[in-house]
Amino acid sequence: MKAAKHLVGRDTDVNENAPEILLIARRLIGLEFWLAFKDLKRRLWRGLLMAVAVLPGTLCAQSQSSLEEPSQRFRAIQNIFDPLSKPAELINDTARLTLLICLVIFIIVGGLLLYAVIRYRRRGPEDDATEPSQVYGSAAIELAWTIPPILIVIVLVLVTARTVGEVQNPQFPKDPLQLRIIGHRFWWELQYPAYGVTAANEIHVPVSYLPSTPRPVQMLLDSADVAHGWWVPQLNGKLWVVPNHRNIMWIQPTVLGTYPGNCTVLCGDQHANMLIRVTVESPEDFEKWIAGQKAPAVADPTVEDGRKEFIENSCGTCHRIAGTSAANGVFGPDLTHFMSRQTLGSGVADNNDENLRSWLRDPQVLKPGCLMPNMKLDDKEVDLILAYLKTLK
Ligand code: CUA
(Lines give C-alpha, C1' and ligand atoms only; values in the text may rest on other atoms or scores of the structure.)
Protein backbone atom coordinates (compact mmCIF):
# COMPACT_ATOMS: atom_id res chain seq x y z
CA MET A 1 0.00 0.00 0.00
CA LYS A 2 1.59 3.25 -1.12
CA ALA A 3 0.34 5.43 1.71
CA ALA A 4 1.98 3.23 4.33
CA LYS A 5 5.44 3.52 2.73
CA HIS A 6 5.83 7.12 3.93
CA LEU A 7 6.04 5.87 7.46
CA VAL A 8 8.50 3.05 6.90
CA GLY A 9 11.80 3.77 8.62
CA ARG A 10 10.22 6.05 11.14
CA ASP A 11 7.84 3.61 12.66
CA THR A 12 8.46 0.03 11.70
CA ASP A 13 5.40 -1.43 13.43
CA VAL A 14 3.05 0.21 10.93
CA ASN A 15 0.70 -2.38 9.54
CA GLU A 16 0.95 -2.22 5.76
CA ASN A 17 -2.66 -3.31 5.53
CA ALA A 18 -4.04 -0.72 7.94
CA PRO A 19 -6.92 1.27 6.48
CA GLU A 20 -5.78 4.52 4.93
CA ILE A 21 -7.94 6.60 7.25
CA LEU A 22 -6.01 5.22 10.23
CA LEU A 23 -2.72 6.16 8.64
CA ILE A 24 -3.98 9.68 7.99
CA ALA A 25 -5.18 9.94 11.59
CA ARG A 26 -1.79 8.74 12.81
CA ARG A 27 -0.03 11.40 10.83
CA LEU A 28 -2.37 14.13 12.03
CA ILE A 29 -1.87 13.04 15.63
CA GLY A 30 1.90 13.02 15.03
CA LEU A 31 1.55 16.56 13.65
CA GLU A 32 2.96 15.43 10.32
CA PHE A 33 0.41 17.51 8.50
CA TRP A 34 2.41 17.76 5.32
CA LEU A 35 2.42 13.94 5.05
CA ALA A 36 -1.31 13.74 5.62
CA PHE A 37 -2.01 16.17 2.82
CA LYS A 38 0.81 15.20 0.48
CA ASP A 39 -1.45 13.27 -1.85
CA LEU A 40 -4.31 15.67 -1.38
CA LYS A 41 -5.17 15.99 -5.07
CA ARG A 42 -5.31 12.24 -5.60
CA ARG A 43 -7.42 11.88 -2.48
CA LEU A 44 -9.82 14.59 -3.57
CA TRP A 45 -10.37 12.85 -6.89
CA ARG A 46 -10.90 9.54 -5.20
CA GLY A 47 -13.36 11.13 -2.75
CA LEU A 48 -15.30 12.70 -5.58
CA LEU A 49 -15.55 9.38 -7.46
CA MET A 50 -16.66 7.63 -4.25
CA ALA A 51 -19.32 10.26 -3.65
CA VAL A 52 -20.68 9.81 -7.18
CA ALA A 53 -20.71 6.02 -6.71
CA VAL A 54 -22.39 6.13 -3.28
CA LEU A 55 -24.87 8.96 -3.91
CA PRO A 56 -27.68 6.93 -5.52
CA GLY A 57 -27.61 4.44 -2.63
CA THR A 58 -27.63 7.25 -0.08
CA LEU A 59 -30.57 8.95 -1.78
CA CYS A 60 -32.42 5.62 -1.80
CA ALA A 61 -31.76 5.14 1.92
CA GLN A 62 -32.93 8.71 2.56
CA SER A 63 -36.19 8.23 0.72
CA GLN A 64 -36.67 4.96 2.56
CA SER A 65 -36.14 6.58 5.94
CA SER A 66 -38.71 9.23 5.04
CA LEU A 67 -41.15 6.38 4.35
CA GLU A 68 -40.81 4.93 7.85
CA GLU A 69 -43.09 5.99 10.68
CA PRO A 70 -41.96 9.33 12.13
CA SER A 71 -42.26 7.84 15.62
CA GLN A 72 -39.82 5.09 14.59
CA ARG A 73 -37.18 7.60 13.48
CA PHE A 74 -34.27 6.88 15.78
CA ARG A 75 -32.71 10.07 17.07
CA ALA A 76 -29.34 8.52 17.73
CA ILE A 77 -27.52 11.79 18.45
CA GLN A 78 -28.34 12.60 22.06
CA ASN A 79 -27.74 16.29 21.60
CA ILE A 80 -28.41 18.36 24.72
CA PHE A 81 -28.35 21.49 22.57
CA ASP A 82 -31.25 20.21 20.47
CA PRO A 83 -33.95 19.69 23.11
CA LEU A 84 -37.37 18.51 21.92
CA SER A 85 -39.25 18.45 25.20
CA LYS A 86 -40.02 20.96 27.94
CA PRO A 87 -37.59 20.35 30.82
CA ALA A 88 -34.72 19.80 28.39
CA GLU A 89 -35.59 23.10 26.68
CA LEU A 90 -35.57 25.01 29.99
CA ILE A 91 -32.22 23.48 30.91
CA ASN A 92 -30.83 24.24 27.46
CA ASP A 93 -31.87 27.92 27.73
CA THR A 94 -30.07 28.27 31.05
CA ALA A 95 -27.00 26.42 29.78
CA ARG A 96 -26.79 28.63 26.69
CA LEU A 97 -27.11 31.83 28.71
CA THR A 98 -24.38 30.62 31.10
CA LEU A 99 -22.12 29.62 28.20
CA LEU A 100 -22.74 32.95 26.46
CA ILE A 101 -21.80 34.95 29.57
CA CYS A 102 -18.71 32.78 30.07
CA LEU A 103 -17.78 33.22 26.40
CA VAL A 104 -17.95 37.02 26.69
CA ILE A 105 -15.79 36.89 29.85
CA PHE A 106 -13.35 34.56 28.10
CA ILE A 107 -13.08 36.85 25.08
CA ILE A 108 -12.52 39.95 27.25
CA VAL A 109 -9.95 38.32 29.56
CA GLY A 110 -8.24 36.35 26.78
CA GLY A 111 -8.24 39.42 24.51
CA LEU A 112 -6.65 41.65 27.16
CA LEU A 113 -4.08 38.96 27.91
CA LEU A 114 -3.26 38.50 24.25
CA TYR A 115 -3.02 42.25 23.77
CA ALA A 116 -0.60 42.58 26.71
CA VAL A 117 1.53 39.65 25.55
CA ILE A 118 1.88 41.03 22.04
CA ARG A 119 2.05 44.74 22.81
CA TYR A 120 4.58 44.43 25.63
CA ARG A 121 6.67 41.52 24.38
CA ARG A 122 10.47 41.72 24.47
CA ARG A 123 11.62 43.19 21.17
CA GLY A 124 15.16 42.00 20.73
CA PRO A 125 18.46 43.25 22.18
CA GLU A 126 17.64 46.96 21.90
CA ASP A 127 14.72 46.44 24.33
CA ASP A 128 15.69 48.11 27.63
CA ALA A 129 13.72 45.48 29.63
CA THR A 130 12.59 47.98 32.27
CA GLU A 131 9.48 47.20 34.26
CA PRO A 132 6.36 49.14 33.22
CA SER A 133 4.84 51.54 35.71
CA GLN A 134 3.02 49.64 38.49
CA VAL A 135 -0.44 50.51 39.76
CA TYR A 136 -1.22 50.11 43.49
CA GLY A 137 -4.56 50.60 45.21
CA SER A 138 -6.68 51.88 42.34
CA ALA A 139 -10.25 52.11 43.63
CA ALA A 140 -11.59 52.23 40.06
CA ILE A 141 -9.90 48.99 39.03
CA GLU A 142 -10.85 47.24 42.28
CA LEU A 143 -14.48 48.19 41.76
CA ALA A 144 -14.38 47.19 38.10
CA TRP A 145 -13.33 43.63 38.86
CA THR A 146 -15.55 43.26 41.92
CA ILE A 147 -18.95 44.74 41.04
CA PRO A 148 -19.54 43.27 37.53
CA PRO A 149 -18.61 39.70 38.59
CA ILE A 150 -20.98 39.97 41.56
CA LEU A 151 -23.77 41.15 39.25
CA ILE A 152 -23.04 38.31 36.83
CA VAL A 153 -23.17 35.74 39.64
CA ILE A 154 -26.47 37.21 40.87
CA VAL A 155 -27.96 36.98 37.36
CA LEU A 156 -26.79 33.35 37.01
CA VAL A 157 -28.15 32.41 40.44
CA LEU A 158 -31.55 33.96 39.71
CA VAL A 159 -31.86 32.41 36.25
CA THR A 160 -30.79 28.99 37.55
CA ALA A 161 -33.18 29.21 40.51
CA ARG A 162 -36.05 30.03 38.15
CA THR A 163 -35.20 27.06 35.91
CA VAL A 164 -34.88 24.70 38.86
CA GLY A 165 -38.28 25.91 40.09
CA GLU A 166 -39.90 25.42 36.69
CA VAL A 167 -38.42 21.92 36.30
CA GLN A 168 -39.22 20.77 39.83
CA ASN A 169 -42.62 22.39 40.33
CA PRO A 170 -44.33 22.18 36.95
CA GLN A 171 -47.87 23.46 36.49
CA PHE A 172 -49.44 20.34 35.02
CA PRO A 173 -52.70 20.43 33.13
CA LYS A 174 -55.50 18.43 34.73
CA ASP A 175 -54.56 15.10 33.21
CA PRO A 176 -50.84 14.31 32.97
CA LEU A 177 -49.96 10.78 31.94
CA GLN A 178 -48.45 9.00 34.91
CA LEU A 179 -45.66 6.57 34.28
CA ARG A 180 -43.92 4.67 37.03
CA ILE A 181 -40.36 3.72 36.12
CA ILE A 182 -38.56 1.20 38.31
CA GLY A 183 -34.83 0.71 37.88
CA HIS A 184 -33.58 -2.86 38.19
CA ARG A 185 -30.12 -4.26 37.63
CA PHE A 186 -29.96 -3.87 34.58
CA TRP A 187 -33.29 -2.98 33.01
CA TRP A 188 -36.30 -0.71 33.44
CA GLU A 189 -39.75 -1.78 34.58
CA LEU A 190 -42.56 0.43 33.30
CA GLN A 191 -46.02 0.80 34.78
CA TYR A 192 -48.86 2.90 33.40
CA PRO A 193 -51.18 2.93 36.46
CA ALA A 194 -54.09 4.63 34.67
CA TYR A 195 -54.20 1.78 32.16
CA GLY A 196 -53.04 -1.14 34.30
CA VAL A 197 -50.21 -1.80 31.85
CA THR A 198 -46.79 -3.20 32.76
CA ALA A 199 -44.00 -3.20 30.19
CA ALA A 200 -40.22 -3.06 30.12
CA ASN A 201 -37.42 -0.95 28.72
CA GLU A 202 -39.21 0.59 25.73
CA ILE A 203 -41.30 3.52 26.84
CA HIS A 204 -44.17 4.79 24.69
CA VAL A 205 -45.63 8.24 25.30
CA PRO A 206 -47.95 10.50 23.32
CA VAL A 207 -46.54 13.61 21.70
CA SER A 208 -47.60 16.77 23.47
CA TYR A 209 -48.32 19.45 20.91
CA LEU A 210 -48.67 22.76 22.58
CA PRO A 211 -51.07 24.28 23.37
CA SER A 212 -53.75 22.24 21.62
CA THR A 213 -53.25 18.91 23.36
CA PRO A 214 -50.80 19.36 26.20
CA ARG A 215 -50.27 16.00 27.84
CA PRO A 216 -47.04 15.95 29.79
CA VAL A 217 -45.78 12.67 31.17
CA GLN A 218 -45.14 12.63 34.89
CA MET A 219 -42.55 10.01 35.69
CA LEU A 220 -42.31 8.50 39.16
CA LEU A 221 -38.83 7.06 39.52
CA ASP A 222 -38.22 4.20 41.93
CA SER A 223 -35.46 1.64 42.28
CA ALA A 224 -35.83 -2.01 43.17
CA ASP A 225 -32.22 -2.47 44.17
CA VAL A 226 -29.30 -0.03 43.81
CA ALA A 227 -29.02 3.58 42.67
CA HIS A 228 -29.58 4.18 38.95
CA GLY A 229 -29.92 7.35 36.91
CA TRP A 230 -32.53 8.31 34.31
CA TRP A 231 -31.62 10.55 31.41
CA VAL A 232 -32.86 10.99 27.88
CA PRO A 233 -30.86 14.07 26.89
CA GLN A 234 -33.27 15.49 24.32
CA LEU A 235 -36.26 15.12 26.63
CA ASN A 236 -35.27 15.91 30.22
CA GLY A 237 -32.48 16.50 32.68
CA LYS A 238 -30.69 13.79 34.62
CA LEU A 239 -32.26 12.43 37.76
CA TRP A 240 -31.17 9.83 40.26
CA VAL A 241 -33.28 6.72 40.70
CA VAL A 242 -32.70 5.63 44.28
CA PRO A 243 -34.14 2.90 46.50
CA ASN A 244 -36.66 3.92 49.18
CA HIS A 245 -37.15 7.40 47.82
CA ARG A 246 -39.31 8.45 44.89
CA ASN A 247 -37.96 11.12 42.57
CA ILE A 248 -40.34 12.77 40.14
CA MET A 249 -39.47 13.95 36.66
CA TRP A 250 -41.58 14.91 33.68
CA ILE A 251 -41.31 15.29 29.94
CA GLN A 252 -43.42 17.07 27.39
CA PRO A 253 -42.06 15.95 24.03
CA THR A 254 -43.13 17.93 20.99
CA VAL A 255 -41.58 15.97 18.12
CA LEU A 256 -42.29 12.37 17.06
CA GLY A 257 -39.39 9.97 17.17
CA THR A 258 -37.60 7.31 19.18
CA TYR A 259 -35.18 8.81 21.70
CA PRO A 260 -32.37 6.81 23.27
CA GLY A 261 -31.11 7.38 26.78
CA ASN A 262 -29.01 5.60 29.34
CA CYS A 263 -28.69 4.81 33.00
CA THR A 264 -26.35 7.51 34.30
CA VAL A 265 -25.24 6.10 37.65
CA LEU A 266 -22.74 3.27 37.86
CA CYS A 267 -24.94 0.42 39.07
CA GLY A 268 -22.89 -2.68 38.28
CA ASP A 269 -21.41 -4.76 35.47
CA GLN A 270 -24.04 -3.91 32.90
CA HIS A 271 -24.59 -0.26 33.79
CA ALA A 272 -23.56 0.84 30.30
CA ASN A 273 -26.10 -1.53 28.74
CA MET A 274 -29.03 -0.32 30.77
CA LEU A 275 -30.42 1.59 27.85
CA ILE A 276 -33.65 3.54 27.61
CA ARG A 277 -35.83 3.99 24.53
CA VAL A 278 -38.64 6.50 24.50
CA THR A 279 -40.96 6.34 21.52
CA VAL A 280 -42.91 9.55 21.14
CA GLU A 281 -45.95 8.85 18.98
CA SER A 282 -49.26 10.40 18.05
CA PRO A 283 -51.99 10.14 20.72
CA GLU A 284 -53.84 7.64 18.46
CA ASP A 285 -50.77 5.41 18.06
CA PHE A 286 -50.16 5.62 21.79
CA GLU A 287 -53.72 4.47 22.54
CA LYS A 288 -53.23 1.64 20.05
CA TRP A 289 -50.00 0.61 21.78
CA ILE A 290 -51.72 0.73 25.19
CA ALA A 291 -54.57 -1.42 23.87
CA GLY A 292 -52.03 -3.95 22.56
CA GLN A 293 -50.23 -4.05 25.92
CA LYS A 294 -53.52 -4.46 27.83
CA ALA A 295 -54.65 -7.40 25.73
CA PRO A 296 -54.18 -10.83 27.31
CA ALA A 297 -51.17 -12.85 26.21
CA VAL A 298 -51.63 -14.70 22.94
CA ALA A 299 -52.35 -18.39 23.66
CA ASP A 300 -51.33 -20.13 20.47
CA PRO A 301 -51.99 -23.91 20.76
CA THR A 302 -49.33 -24.71 18.12
CA VAL A 303 -46.56 -23.68 20.55
CA GLU A 304 -47.94 -25.51 23.59
CA ASP A 305 -44.69 -27.52 23.90
CA GLY A 306 -42.69 -24.31 24.05
CA ARG A 307 -44.97 -22.94 26.73
CA LYS A 308 -44.45 -26.14 28.76
CA GLU A 309 -40.65 -25.84 28.40
CA PHE A 310 -40.88 -22.21 29.53
CA ILE A 311 -42.73 -23.26 32.68
CA GLU A 312 -40.66 -26.41 33.32
CA ASN A 313 -37.40 -24.46 33.14
CA SER A 314 -38.72 -22.06 35.83
CA CYS A 315 -38.60 -19.04 33.51
CA GLY A 316 -41.87 -17.98 35.15
CA THR A 317 -40.15 -17.55 38.52
CA CYS A 318 -38.60 -14.35 37.21
CA HIS A 319 -40.77 -13.40 34.24
CA ARG A 320 -44.45 -12.67 34.09
CA ILE A 321 -46.73 -13.61 31.24
CA ALA A 322 -50.20 -12.31 32.02
CA GLY A 323 -52.79 -15.07 32.15
CA THR A 324 -50.19 -17.81 32.63
CA SER A 325 -50.52 -18.94 36.24
CA ALA A 326 -47.00 -20.40 36.49
CA ALA A 327 -45.35 -17.27 35.06
CA ASN A 328 -45.76 -14.54 37.67
CA GLY A 329 -42.17 -13.49 38.39
CA VAL A 330 -41.24 -9.89 39.03
CA PHE A 331 -37.43 -10.09 39.02
CA GLY A 332 -37.15 -9.95 35.24
CA PRO A 333 -38.98 -8.06 32.50
CA ASP A 334 -42.66 -8.80 31.87
CA LEU A 335 -42.84 -10.90 28.71
CA THR A 336 -46.60 -10.73 28.03
CA HIS A 337 -46.07 -8.71 24.84
CA PHE A 338 -42.40 -9.43 24.40
CA MET A 339 -42.51 -9.36 20.60
CA SER A 340 -43.80 -5.78 20.61
CA ARG A 341 -40.30 -4.71 21.66
CA GLN A 342 -37.56 -3.98 19.23
CA THR A 343 -34.63 -4.81 21.47
CA LEU A 344 -33.45 -7.46 23.90
CA GLY A 345 -31.75 -7.10 27.27
CA SER A 346 -32.69 -3.43 27.74
CA GLY A 347 -31.40 -2.37 24.36
CA VAL A 348 -28.27 -4.50 24.22
CA ALA A 349 -29.27 -6.22 20.94
CA ASP A 350 -31.99 -6.20 18.30
CA ASN A 351 -34.92 -8.47 19.01
CA ASN A 352 -34.45 -11.02 16.23
CA ASP A 353 -34.22 -14.82 16.01
CA GLU A 354 -30.45 -14.97 16.04
CA ASN A 355 -30.02 -12.76 19.12
CA LEU A 356 -32.94 -14.33 20.91
CA ARG A 357 -31.49 -17.82 20.34
CA SER A 358 -28.13 -16.62 21.67
CA TRP A 359 -29.88 -15.08 24.69
CA LEU A 360 -31.78 -18.29 25.46
CA ARG A 361 -28.62 -20.41 25.14
CA ASP A 362 -26.68 -18.12 27.46
CA PRO A 363 -27.68 -14.54 28.34
CA GLN A 364 -24.14 -13.97 29.58
CA VAL A 365 -22.90 -13.90 25.97
CA LEU A 366 -24.83 -10.79 24.93
CA LYS A 367 -24.92 -9.19 28.37
CA PRO A 368 -22.13 -10.53 30.60
CA GLY A 369 -22.93 -9.89 34.25
CA CYS A 370 -26.70 -9.59 33.80
CA LEU A 371 -28.71 -11.33 36.50
CA MET A 372 -30.30 -13.94 34.20
CA PRO A 373 -28.23 -17.12 34.56
CA ASN A 374 -27.38 -19.58 31.84
CA MET A 375 -30.29 -22.05 32.07
CA LYS A 376 -28.26 -24.72 30.21
CA LEU A 377 -31.03 -25.37 27.72
CA ASP A 378 -30.33 -27.84 24.93
CA ASP A 379 -30.96 -26.95 21.29
CA LYS A 380 -34.41 -28.51 21.24
CA GLU A 381 -35.53 -26.61 24.34
CA VAL A 382 -34.13 -23.37 22.93
CA ASP A 383 -36.08 -23.88 19.70
CA LEU A 384 -39.32 -24.66 21.51
CA ILE A 385 -39.09 -21.68 23.88
CA LEU A 386 -38.05 -19.42 21.01
CA ALA A 387 -41.13 -20.47 19.02
CA TYR A 388 -43.32 -19.79 22.07
CA LEU A 389 -41.81 -16.36 22.81
CA LYS A 390 -42.27 -15.36 19.19
CA THR A 391 -46.04 -15.71 19.55
CA LEU A 392 -46.13 -13.18 22.42
CA LYS A 393 -47.02 -10.26 20.21
CU1 CUA B 1 -28.47 1.28 36.22
CU2 CUA B 1 -26.37 2.24 35.73
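Numbering of ligands and ligand atoms starts at 1, following listing order. The figures here come from the full heavy-atom set of this structure, side chains too, leaving out hydrogens, waters and symmetry mates.
Rounding to 10 degrees gives 120° for the angle at atom 2 (Cu) of ligand 1 between SG of Cys263 and SG of Cys267.
For the atom pair Leu84 CG and Glu89 CD, the distance stands at 7.0 Å (nearest 0.5 Å). Put simply, NE2 on His337 and CD1 on Ile321 are 10.5 Å apart, with the number rounded to the nearest 0.5 Å.
Within His271, the N, O or S atom at minimum distance from atom 2 (Cu) of ligand 1 carries the name ND1. Nearest N/O/S atom of His228 relative to atom 1 (Cu) of ligand 1: this is ND1.
Checked for salt-bridge contact, Arg307 and Glu304 meet the test: a charged N lies under 4.0 Å from a carboxylate O. Using a cutoff of 4.0 Å between basic side-chain nitrogens and carboxylate oxygens, Arg96 and Asp93 are not scored as salt-bridged.
Of the possible polar contacts, one joining the Asn355 side chain to the Asp350 backbone as a donor-acceptor pair under 3.5 Å is found.
Metal site remark for atom 1 (Cu) of ligand 1: Gln270 contributes no N, O or S atom at a distance under 2.8 Å. Not a single N/O/S atom of Leu266, whether from backbone or side chain, sits less than 2.8 Å from atom 2 (Cu) of ligand 1.
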